[in-house]
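Here, residue 1 is the first one in the sequence, and each next residue gets the next number. Quick caveat: nothing in here was measured; it's all calculated off a predicted structure. Below, all heavy atoms of this structure are taken into account, side chains as well, without hydrogens, waters or symmetry copies.
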Amino acid sequence: MAVFFGIIVLVGVVSWVIVKNDELSGLGRNVKRSALRHPHGKLVATRCENVPDEVSYKMRLIRVLPLVTFVIMDVVAIAALVMEYNGIVAGIVIDDMLIAGLAVLPIAGECMVRMPKASRCFSSFVLVMFAGLVLATVCGMFSKFLCGNGPEILVTASVIISSIAGCALGCALAAAFMKEPARFNRRFEDGYESEIVIASHGSLFRAYRSLMVGKKAWESGRRQD
């Protein structure tokens with residue numbers, strides 16, 4: 001699980017840097033055109049394509065709970081444990097894969113499907129997987145500590161089942177934390193236009209909202225480019 005965890009962290013950091021660089025492009029006091037930071041110069045106008053509804057965290061959590069994959073992973077784990085107990089090698093392989101944290105892939109995938117369409121992106125998927133792996137690791141270690149020196153098959157079963165439960169809860173908590181984002185069209189000083197999706201709260205959202213123009217002004221500015 002440590003190797004998989006490290007890969008997720010690395011991919012998450014790189015994805016976050018790329019996304020943030022794009023979101024902040026054209027914003028700031030000293031905006032100068034460059035090949036990377038501000039390739040199109042200053043951000044001059046925005047237009048919001050959607051206004052996200054205000055939904056409580058509790059309701060968002062209920063919506064994204066990965067119930068289907070949680071049950072499937074538990075059934076797979078129990079079947080693998082039975083096979084391992086009877087000396088079938090396939091059961092050992094499946095148990096090792098589950099202990100390594102691979103259950104996070106289908107569980108995080110279901111959370112993403114249950115999230116609002118505008119929230120589904122690769123960076124969100126990475127963050128959801130990361131949260132699932134963290135809680136899965138914590139729950140697995142705690143379960144192993146509680147079991148102590150019990151029979152090996154029971155310790156393994158406890159660790160796997162608790163890890164899957166922790167993974168499902170971690171993914172759901174992270175997915176519910178991500179509010180439905182706002183979709184903006186934006187125009188830069190060189191006339192370049194693009195679409196971007198950002199979180200519907202915080203200083204970045206306020207910065208984009210301060211540059212919002214009406215439909216008529218937006219179309220007028222486009223004709224002048």
**Report entry** Flag side-chain contact, heavy atom, 4.5 Å: L43 against Y208
**Finding:** yes

Query raised in the report: Considering residues, nucleotides and ligands other than Y57, do more than 12 of their heavy atoms fall under 6.0 Å from its OH?
Result: yes

Report summary line: Heavy atoms of E110 and L65 approach each other most closely as OE2-O, 4.0 Å

Query raised in the report: Do the ring planes of Y192 and H40 sit parallel (below 30°), tilted (30 to 60°) or perpendicular (above 60°)?
Result: parallel

Query raised in the report: Distance from I164 atom CD1 to D74 atom CG, nearest 0.5 Å?
Result: 5.0 Å

Query - Heavy-atom side-chain proximity of E23 to I196 below 4.5 angstrom - result: yes

Requested in this report: Would you please name every residue forming a side-chain contact (heavy atoms from CB on, under 4.5 Å) with R63, sequence neighbours left out?
Outcome: V55

**Report entry** Distance, nearest 0.5 Å, that separates CZ of R183 from CD1 of I198
**Finding:** 11.5 Å

Query - Joint hydrophobic cluster, L169 plus M178, side-chain heavy atoms closer than 4.5 Å - result: no

Requested in this report: Scan for salt bridge (charged side-chain N to carboxylate O under 4.0 Å, His left out) pairs involving residues 82-104, sequence neighbours excluded, and state none if there are none.
Outcome: none

Query raised in the report: If you round to the nearest 0.5 Å, how far is CD1 of I160 from CG of L98?
Result: 5.5 Å

Query raised in the report: Side-chain heavy atoms under 4.5 angstrom apart, residues restricted to Ile, Leu, Val, Met, Phe, Trp, Tyr: same cluster for V113 and I107?
Result: no

Query raised in the report: Where do C111 and V64 come nearest, in terms of heavy atoms and distance?
Result: SG-O, 3.4 Å

Query raised in the report: Atom SG of C167 and atom CG of L135: how far apart are they, to the nearest 0.5 Å?
Result: 8.5 Å

Query - Minimum heavy-atom distance A165-F70, with the two atoms named - result: CA-CE1, 3.6 Å

**Report entry** pair W218-R187: side-chain heavy atoms closer than 4.5 Å
**Finding:** yes

Requested in this report: Mark yes when over 12 heavy atoms from residues, nucleotides or ligands other than M212 sit less than 6.0 Å from its CE; otherwise mark no.
Outcome: yes

Query - Atom of P106, atom of A103 and distance for their closest heavy-atom approach - result: CD-O, 3.2 Å

Query raised in the report: Do other residues, nucleotides or ligands put more than 12 heavy atoms under 6.0 Å from the CD atom of E152?
Result: no

Query raised in the report: Shared ILVMFWY cluster between V76 and M83, side chains joined below 4.5 angstrom?
Result: yes

Requested in this report: Verify the cluster assignment for I153 and I88: are they in a single hydrophobic cluster under the rule of side-chain heavy atoms below 4.5 Å apart?
Outcome: yes

Query - Exam field: side chain R120 to backbone M112, donor-acceptor pair closer than 3.5 Å - result: yes

**Report entry** Partners meeting side-chain contact (heavy atoms from CB on, under 4.5 Å) with S143 (sequence neighbours left out)
**Finding:** C147, S158, S162

Query raised in the report: Between CD1 of I99 and CD1 of I94, what distance do you get to the nearest 0.5 Å?
Result: 12.0 Å

Requested in this report: Would you confirm whether N21, through its side chain, and V17, through its main-chain N or O, come within 3.5 Å as a donor-acceptor pair?
Outcome: no

Query raised in the report: Which atom names give the shortest non-hydrogen contact between L24 and H38, and what distance separates them?
Result: O-CE1, 4.0 Å

Report task. Return yes when atom NZ of K144 has more than 12 non-hydrogen atoms of other residues, nucleotides or ligands closer than 6.0 Å, and no otherwise. Result -> no

Query raised in the report: To the nearest 0.5 Å, how far apart are CG in L204 and NZ in K20?
Result: 5.5 Å

Query raised in the report: Is the shortest heavy-atom distance from the side chain of S194 to the side chain of F188 under 4.5 Å?
Result: yes

Query raised in the report: Cut-off 3.5 Å, side chains only: do R186 and T46 have a donor facing an acceptor?
Result: no

Report task. Is it possible for you to say whether L81 and I72 belong to one hydrophobic cluster, with membership spreading through side-chain heavy-atom contacts below 4.5 Å? Result -> yes

Report task. Please report the closest heavy-atom contact between V128 and A108, naming both atoms and the distance. Result -> CG1-CB, 3.8 Å

